[in-house]
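The first residue of the sequence shown is numbered 1, and numbering continues consecutively from there.
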Amino acid sequence: MAATWAGTPKIRGPSDPVRMVLLTVCLSGVQLVWGIEMAYCSPYLLSLGLTKSLMSLVWNIGPLSGLITQPVVGVIADRSRSRFGRRRPVMMVGAAAVAMALISLGWTKEIVGLFFSPGETANTCTILLAILLIYLVDFAINAVQACCRALIVDTLPFPRQQHGSAWASRMIAVGNIAGYFAGTIDLMSIFGTTIGDTQFKQLMVLASISLMFCILITCLSVEERVLLTPRKSDEGSGAFHVLALIWKTMWHLPTGIWDMCVVLFWAWIGWFPFMVYSTTFVAEVLKRYDTVARENLETSDDLLGDIARVGSMALVLFSCVSLAASVLLPWVVDSPESREHVKRHPVPASSLERFSKRIAPYKPNLANTWIFSHIAYAFLMLTTIFVGTVSSATFCVALSGVSWALMTWAPFSIVGEEINKLSEPSGTAHLSGGGVYDPVAQNEFNHDVQEMEMIGPSISASPTPTVTDPEAQSHESSDLAGVYLGIINVFSCLPQFLGSFISFVVFSILEPGKSPEFSEGGSAEAPTYGVNAIAVCMGIGGMATLVAAHFTARFRDR
């Protein structure tokens with residue numbers, strides 16, 4: 001039995017760019033949280049006395065939470081019959097859980113101090129509580145992220161998937177810039193002690209408020225279809241049924257989605273050490289090798305904050321490069337969406353559109369561009385092993401933003417197309433990776449654009465008639481969008497376990513003790529010799545992205 005639905009996906013907004021921002025701004029909030037967590041929690045745990053080898057195991061929670069949360073939440077949300085939609089309720093509840101956990105993380109020492117007197121026991125409990133709260137943040141933010149991604153697939157028709165993914169990449173870059181830039185500012189000089197007496201506490205509060213604000217904007221701006229009755233094959237709501245569906249689907253994936261899973265597996269082995277340790281990497285170069293820059297920190301009263309601000313500045317530049325790349329690349333990379341963008345403008349085009357049309361015969365395709373970005377990223381990561389100054393470390397981190405823009409755009413764009421192609425009527429041509437123009441798909445797209453223009457700034461309050469699956473062909477693929485995106489996330493999480501294990505081995509061999517450069521007060525001297533273990537981890541990751549480049553080439557040629 002086919003599923004039945006009420007309503008059609010709609011987005012408030014007077015123009016297409018505004019609607020795309022409203023749809024994807026939720027990812028800015030999610031990425032802001034990820035960025036602050038990655039930039040500050042590693043130095044924070046080291047300042048509490050945790051060793052780098054144990055810290056690398058702590059970060060297993062990121063892939064573990066994604067491995068469990070995103071597929072399960074995706075399936076549960078796929079079958080939700082809430083009158084508010086399938087994704088938005090999970091986004092709001094998850095965001096509230098993240099906010100509570102972040103604020104508690106900022107005040108971990110004070111919470112432990114309510115039950116234990118200062119001493120070794122209190123220090124141990126502080127570390128354990130901090131780790132537990134990081135676990136809660138990761139599980140909740142993965143649930144939010146899964147629904148944010150699925151909402152884009154649910155809301156946009158097939159020809160608009162690349163357009164939506166490109167906007168998602170831009171908003172992710174905006175979130176990164178906001179999070180990392182906040183880390184570079186001396187918040188204590190702005191807020192005093194109103195929202196916390198340390199930089200770390202104030203960042204946790206600002207991250208919580210920003211996430212809730214971004215999620216609220218998207219939830220108020222988007223109207224989802226409401227599932228009235230699920231497909232007969234989807235009946236049953238037990239946890240075992242959910243896991244069984246994920247397991248069964250994983251072993252019967254469409255070819256295109258399976259190929260992308262393989263690419264992402266190797267790519268995320270390469271990106272894991274960068275995302276977790278990049279701030280710490282720049283900070284260690286500062287403390288261990290760059291004697292000129294290190295002199296400015298000799299009398300610091302907030303060593304953790306000052307060191308993290310240096311690393312955050314590198315990530316601000318990384319995010320700015322990523323944002324610029326995510327805005328410019330869609331104009332110079334040949335893709336189905338970019339061709340449709342040019343075709344749908346009967347009015348005089350802008351200078352950028354005219355330029356894009358003029359260079360169309362010379363544009364590289366999306367797959368080739370992604371291959372090049374894999375190789376460029378590998379070169380930069382291998383270079384970090386030889387870095388000895390803050391400026392060169394910052395350069396390597398910042399330039400990686402181009403590759404990250406492709407990493408946040410290309411896979412989800414390709415997967416979004418694959419998901420939507422699965423349910424199209426037999427005989428319908430597709431805008432495949434080769435970029436073939438399909439007039440049937442264009443007509444469907446024009447209809448959707450006209451419908452979205454009629455939406456305007458608000459949604460009609462009149463009741464929407466019930467529709468059935470045949471009428472909703474352009475959105476049928478979203479029935480299993482949560483499952484497929486969840487499985488994609490599984491293959492993004494599994495390699496992170498491997499990356500974490502590699503980091504554990506490298507840290508255990510090269511730097512088995514604590515990190516005095518992150519000690520509170522800065523009294524202990526950091527080592528100024530030997531190989532930077534984090535750079536070694538990043539170099540190994542770079543080699544993994546070369547394997548990802550190989551499989552991306554195979555995907556392109558299939």
* Heavy-atom check, side chain of Phe265 versus side chain of Leu494, under 4.5 Å -> yes
* To do: Take Ser104 and Ile111 through the test side-chain contact (heavy atoms from CB on, under 4.5 Å) and record every step on the way to the result.
  => CA-CA 8 Å; Ser104 299; Ile111 294 174; 4.1 Å; yes
* To do: Specify whether His374 and Trp370 have parallel, tilted or perpendicular ring planes, treating 30° as the upper limit for parallel and 60° as the lower limit for perpendicular.
  => tilted
* Do Phe501 and Phe272 have ring centres separated by under 6.0 Å? -> no
* Taking everything shown except Met250 itself, do over 12 heavy atoms lie less than 6.0 Å from its CE? -> yes
* Asked: Between the side chain of Gln202 and the main-chain N/O of Gly192, is any donor-acceptor distance below 3.5 Å?
  -> yes
* To do: Check whether any side-chain heavy atom of Met275 sits under 4.5 Å from a side-chain heavy atom of Gln496, and report yes or no.
  => no
* **Side chain proximity check, Asn123 to Leu48, heavy atoms < 4.5 angstrom** => no
* Asked: How about Val30 and Ile172: do any of their side-chain heavy atoms sit closer than 4.5 Å?
  -> no
* Compare all side-chain heavy atoms of Lys201 with those of Asp197 and state whether any distance is below 4.5 angstrom. => yes
* Rounded to the nearest 0.5 Å, how far apart are CD1 of Ile103 and OG of Ser208? -> 4.0 Å
* Would you say the side-chain atoms of Ser400 and Ser403 include a donor-acceptor pair closer than 3.5 Å? -> no
* **Beyond-backbone contact of Phe213 with Val25, side-chain heavy atoms, under 4.5 angstrom** => no
* Asked: If we only count heavy atoms from C-beta on, is the Cys148 to Ile215 side-chain gap below 4.5 Å?
  -> yes
* Between the side chains of Gln145 and Trp34, does any donor sit under 3.5 Å from an acceptor? -> yes
* **Phe491 ring center within less than 6.0 Å of Trp258 ring center** => yes
* Going through the distances and angles, do Leu315 and Ser278 end up as a side-chain contact (heavy atoms from CB on, under 4.5 Å)? -> CA-CA 8 Å; Leu315 291 178; Ser278 53; 3.4 Å; yes
* Check whether any side-chain N or O of Glu37 sits under 3.5 Å from a backbone N or O of Val137 as a donor-acceptor pair, and report yes or no. => no
* **Beyond-backbone contact of Leu264 with Met260, side-chain heavy atoms, under 4.5 angstrom** => yes
* Asked: Is there a donor-acceptor contact under 3.5 Å from the side chain of Ser169 to the main chain of Ser326?
  -> no
* Thr545 side-chain N/O to Ala548 backbone N/O, donor-acceptor pair under 3.5 Å -> no
* Within the side chain of Arg88, is there an N or O that forms a donor-acceptor pair under 3.5 Å with the backbone of Cys219? -> yes
* Asked: Mind checking whether Trp404 and Phe318 have parallel, tilted or perpendicular rings, split at 30° and 60°?
  -> tilted
* Asked: So, the side chain of Ser210 versus the backbone of Ala207: is there a donor-acceptor pair under 3.5 Å, distance only?
  -> no
* Mark yes or no for whether Thr218, through its side chain, and Leu22, through its backbone, hold a donor-acceptor pair below 3.5 Å. => yes
